[in-house]
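Positions are given from 1, in the same order as the sequence printed here. Please read these numbers as outputs of a predicted model, since none were measured by experiment.
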Amino acid sequence: MPVSKADLLQGTLDLLILKTLALAPLLILALTAAALGIGTLLSALTVAYRDFRYIVPFLVQLWMFATPAVYMDATSVGPRWQAVLPLNPAYGLILNFRYAVFGRPLDAYSLAVSLVVTLLGLVLGCLYFRRVERSFADII
């Protein structure tokens, strides 16, 4: 039975969708690492500065609004902002997770920038926590 070009194209598209869908758990893992880094930093700051606990809910809400991938299509903002948005690690990871689930090609720029910022946030959050952790018993 001969295979038509449409069958080959459909098979290629199915394989591409499976590949991008397989990236979804890795993107969730990267988003977890971003949250861990920010959470570790915020927890250390909350212990070190008592009034910081009142600022944290405001910062978390501000972070959500600074992540337009959650509530709108980011293509509606200008091209200048599209270059800056991936500095928010949640933006690139959520956007690419959405693209992976819907079978669209991933945005390599936002993914790369968000992964670098995630790694930096995780490392800096853990390093700061380790540095101030010795004084937690004295403060609490």
Hydrophobic cluster membership, with links at side-chain heavy-atom distances under 4.5 Å among I/L/V/M/F/W/Y: are L120 and Y91 in one? no

Spacing of T46 atom OG1 and L41 atom CG [to the nearest 0.5 Å]: 9.0 Å

Looking at A83, is its backbone amide N or carbonyl O close enough to the side chain of Y109 to form a donor-acceptor pair, meaning the two atoms are under 3.5 Å apart? yes

Just by modelled atom types, is the P86 backbone N or O under 3.5 Å from a matching donor or acceptor in the S114 side chain? yes

Applying side chain to side chain contact (heavy atoms under 4.5 Å, CB included) between L93 and each of L29, T32, L27, N88, report the one that passes. L27

What distance separates N96 CG from R104 CZ, expressed to the nearest 0.5 Å? 10.0 Å

Decide side-chain contact (heavy atoms from CB on, under 4.5 Å) for T40 and Y128; before the verdict, give the C-alpha distance in whole Å, the side-chain angles of both, and the deciding distance to 0.1 Å. CA-CA 9 Å; T40 303; Y128 180 73; over 6 Å; no

Working to the nearest 0.5 angstrom, can you tell me the gap between L31 CG and T118 OG1? 7.5 Å

Connected via hydrophobic side-chain network under 4.5 Å: L122 and L26: no

For F129 and V47, run side-chain contact (heavy atoms from CB on, under 4.5 Å): C-alpha distance rounded to whole Å, both residues' side-chain angles, the deciding distance at 0.1 Å, then the answer. CA-CA 10 Å; F129 187 90; V47 170; over 6 Å; no

Should V101 and I28 be counted in the same cluster of Ile, Leu, Val, Met, Phe, Trp and Tyr side chains packed under 4.5 Å apart? yes

Go through the steps to decide whether L85 and S110 satisfy the test side-chain contact (heavy atoms from CB on, under 4.5 Å), and finish with yes or no. CA-CA 8 Å; L85 281 173; S110 68; over 6 Å; no

When clusters are formed by joining ILVMFWY residues with side-chain heavy atoms under 4.5 Å apart, either directly or through shared neighbours, do V117 and L95 land in the same one? yes

Heavy-atom side-chain contact between L115 and L111 under 4.5 Å: yes

Between CZ of F58 and CH2 of W63, what distance do you get to the nearest 0.5 Å? 15.0 Å

Do L59 and F52 have side chains that get closer than 4.5 Å, going by heavy atoms? yes

If you apply the rule side-chain contact (heavy atoms from CB on, under 4.5 Å), what do you find for V60 with I38, and how did you get there? CA-CA 10 Å; V60 170; I38 299 296; over 6 Å; no

With the 4.5 Å side-chain cut-off for hydrophobic clustering, are Y49 and I55 part of the same group? yes

